[in-house]
Number of protein chains: 2
Amino acid sequence: MAEAATREKALQEAELACARRGAQLTPLRRQVLELVLGAEAPIGAYALLDRLKSSRPGAAPPTVYRALDFLLEHGLVHKVERLNAYIGCSDAGHGHAHDHGHPHQFLICRRCGATMEIADHAVAHAIAEAAARAGFVAVEATVEIEGICARCAAT
Amino acid sequence: MAEAATREKALQEAELACARRGAQLTPLRRQVLELVLGAEAPIGAYALLDRLKSSRPGAAPPTVYRALDFLLEHGLVHKVERLNAYIGCSDAGHGHAHDHGHPHQFLICRRCGATMEIADHAVAHAIAEAAARAGFVAVEATVEIEGICARCAAT
DNA sequence: GGGTCGATGATATAGTGTTTCACCCGACTG
DNA sequence: CAGTCGGGTGAAACACTATATCATCGACCC
Ligand SMILES: [Zn+2]
Ligand SMILES: [Zn+2]
Ligand SMILES: [Zn+2]
Ligand SMILES: [Zn+2]
């Protein structure tokens with residue numbers, strides 16, 4: 001995520017989305033979301049915990065994991081499996097109730113660690129087709145593409 | 001993996017592939033590969049360690065992780081990130097030297113845990129295209145599709 | 001013999017995630 | 001009002017996954 005203004009907007013969209021879905025974005029959950037959005041790159045649970053401790057000294061692993069579970073459940077953050085880290089959804093608030101997540105893919109730069117979320121329809125379609133050809137009913141797909149980002153390639 | 005005969009064949013192909021590449025498939029590495037291939041589903045490193053201990057009492061985490069590193073490096077096994085588990089490559093031995101891996105995708109059944117490797121060209125192509133559109137040079141992609149397998153859907 | 005290199009043994013430690021029990025508080029109920 | 005039920009949080013311990021470090025061994029070469 002980027003500028004403070006962008007984060008503020010994302011937080012407000014998150015509040016709206018939660019309100020629409022009848023989910024409670026409590027102060028703790030909102031704070032964890034804020035930390036995720038404020039990180040320069042996908043951030044690990046224990047890094048989040050460290051930052052959380054400055055304002056909540058009693059915080060423990062379950063504190064952050066429970067908040068992350070909520071945020072994941074409601075599509076406000078995603079987990080990057082290859083990094084064991086979490087990143088704010090770049091298109092949050094556009095899901096309906098009971099719609100836990102949307103098709104998405106990550107581009108992870110090997111050089112600088114920057115991670116960008118994309119939502120490529122052709123990729124999602126190809127995946128659904130490939131699964132169907134194997135008689136498989138696809139529900140959700142993790143797509144994490146590692147390589148060199150445009151910025152790093154330019155240097 | 002499946003039948004003992006299939007495993008035997010995969011092991012022999014692995015030996016050939018290593019010979020071609022000048023890599024040493026030592027007894028330890030071969031045994032770990034055998035354990036991975038013999039598992040019913042993707043198997044975790046510590047589960048491998050437990051099984052390994054029956055014949056090598058002194059085995060410790062680095063024992064199995066080093067063997068896995070070798071097998072991963074040479075494309076004989078893959079890691080399933082969503083499961084923190086390892087699975088034998090269903091198309092091993094078809095890579096050239098310095099070719100660490102081939103495009104592949106996994107279909108993971110939520111019900112029974114069965115995990116199948118596929119190598120769908122359309123998916124790989126769509127991913128490369130999507131990355132290129134973002135100015136990104138894709139090097140490797142993790143694609144893990146979760147859903148319901150044909151067998152489970154039939155019940 | 002001495003030197004080097006890759007593989008393994010062995011111990012300790014780091015990083016990631018879960019279980020469990022307790023407490024609080026707001027809502028609903030008799 | 002007392003009771004109770006649920007979700008959210010606090011707190012401690014634990015389980016699971018992976019790596020760092022140093023020592024040892026044997027093969028190969030000079
Ligand atoms: Zn998203
Ligand atoms: Zn970069
Ligand atoms: Zn493969
Ligand atoms: Zn199944």
Side-chain angles (χ1 to χ4, degrees), chain A residues 14-15 18-19 21-33 35-36 39 41-74 76-87 113 142 144, chain B residues 14-15 18-19 21-36 39 41-74 76-87 97 113 142 144:
Chain A
E15 297 201 343
C18 286
R21 304 178 59 160
Q24 326 183 36
L25 187 62
T26 62
L28 172 60
R29 291 165 176 172
R30 189 191 146 106
Q31 190 181 353
V32 171
L33 176 56
L35 288 171
V36 172
I43 182 173
Y46 279 71
L48 278 172
L49 178 54
D50 282 344
R51 301 191 187 184
L52 195 58
K53 276 180 177 164
S54 27
S55 63
R56 283 177 189 256
T63 309
V64 59
Y65 279 106
R66 285 191 288 227
L68 284 172
D69 284 346
F70 173 90
L71 298 170
L72 288 166
E73 178 90 4
H74 293 90
L76 300 173
V77 309
H78 299 298
K79 178 172 183 182
V80 184
E81 299 285 350
R82 286 180 75 110
L83 307 177
N84 291 323
Y86 304 85
I87 187 173
T142 296
E144 297 176 2
Chain B
E15 296 199 344
C18 286
R21 305 178 59 161
Q24 326 183 36
L25 187 62
T26 63
L28 172 60
R29 290 164 176 171
R30 190 191 143 104
Q31 189 180 355
V32 170
L33 176 56
E34 205 168 341
L35 289 172
V36 172
I43 183 172
Y46 279 73
L48 279 173
L49 178 56
D50 282 343
R51 301 191 186 185
L52 195 58
K53 276 181 178 165
S54 27
S55 63
R56 284 177 190 257
T63 310
V64 58
Y65 279 106
R66 286 192 288 227
L68 285 172
D69 284 346
F70 173 89
L71 298 170
L72 289 166
E73 178 90 3
H74 293 89
L76 301 174
V77 309
H78 299 299
K79 177 173 183 184
V80 184
E81 299 284 350
R82 286 180 76 109
L83 306 177
N84 291 322
Y86 304 85
I87 187 174
T142 296
E144 297 175 359

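In what follows, chains are A, B, ... by sequence order, proteins preceding strands, each numbered from 1.
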If you look at every strand shown and take non-hydrogen atoms under 4.0 Å, does B/A60 touch a base, only sugar-phosphate, or nothing?
->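 Answer is base: heavy atoms of B/A60 come under 4.0 Å of a base.
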NA contact type, B/Y86, heavy-atom cut-off 4.0 Å: base, sugar-phosphate, or nothing?
->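 Contact class for B/Y86: sugar-phosphate only.
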Tell me whether the side-chain N/O atoms of [X] come closer than 4.0 Å to OP1 or OP2 in [N].
X	N	value
A/Y65	C/dG15	no
A/N84	C/dG17	yes
A/Q24	D/dG8	yes
A/T26	D/dT9	yes
A/K53	D/dG10	no
B/R56	C/dG9	yes

In whole angstrom, what separates [X]'s [atom1] from [N]'s [atom2]?
X	N	atom1	atom2	value
A/L68	C/dT18	CG	P	10 Å
B/D50	D/dA15	CG	C1'	13 Å
B/R30	C/dA7	CZ	C1'	18 Å
B/E81	C/dG17	CD	P	12 Å
A/L52	D/dT9	CG	P	11 Å
A/K79	C/dG15	NZ	P	16 Å
B/L83	D/dC16	CG	P	16 Å
B/L49	D/dC16	CG	P	13 Å

Decide yes or no, distance alone: a donor-acceptor N/O pair under 3.5 angstrom between the base of C/dG17 and the side-chain of A/R66.
->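 It does not, because no donor-acceptor pair links the side chain of A/R66 to the base of C/dG17 below 3.5 Å.
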Run the side chain to side chain contact (heavy atoms under 4.5 Å, CB included) check on A/N84 and A/K79 step by step: do they pass?
-> CA-CA 7 Å; A/N84 291 323; A/K79 178 172 183 182; 4.2 Å; yes
B/P42 versus B/G113, closest heavy-atom pair with distance |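 The pair with the smallest heavy-atom distance is CD-O, 4.1 Å.
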Nearest heavy-atom neighbours spanning B/K53 and B/A59 |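 That would be CE-O, 3.4 Å.
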Within the stacking criterion (centroid distance below 5.5 Å, interplanar angle below 30°), does B/Y46 stack on D/dT17?
->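 Taking the rule of under 5.5 Å and under 30°, the ring of B/Y46 does stack on D/dT17.
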Could you walk me through whether A/E81 and B/T142 pass the side-chain hydrogen bond (donor to acceptor under 3.5 Å, both in side chains) test, one step at a time?
-> CA-CA 9 Å; A/E81 299 285 350; B/T142 296; over 6 Å; no
Which sits closer to the 5' end of DNA chain C, B/F70 or A/A47, going by the nucleotide each is nearest to?
->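 This one resolves to B/F70.
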Whether A/E15 side chain and A/L25 backbone form a donor-acceptor pair below 3.5 Å |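 No; zero donor-acceptor contacts below 3.5 Å.
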Nearest to the side chain of A/L28, which nucleotide is it out of C/dG17, D/dG10, D/dA18?
->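 Closest nucleotide to the A/L28 side chain: D/dG10.
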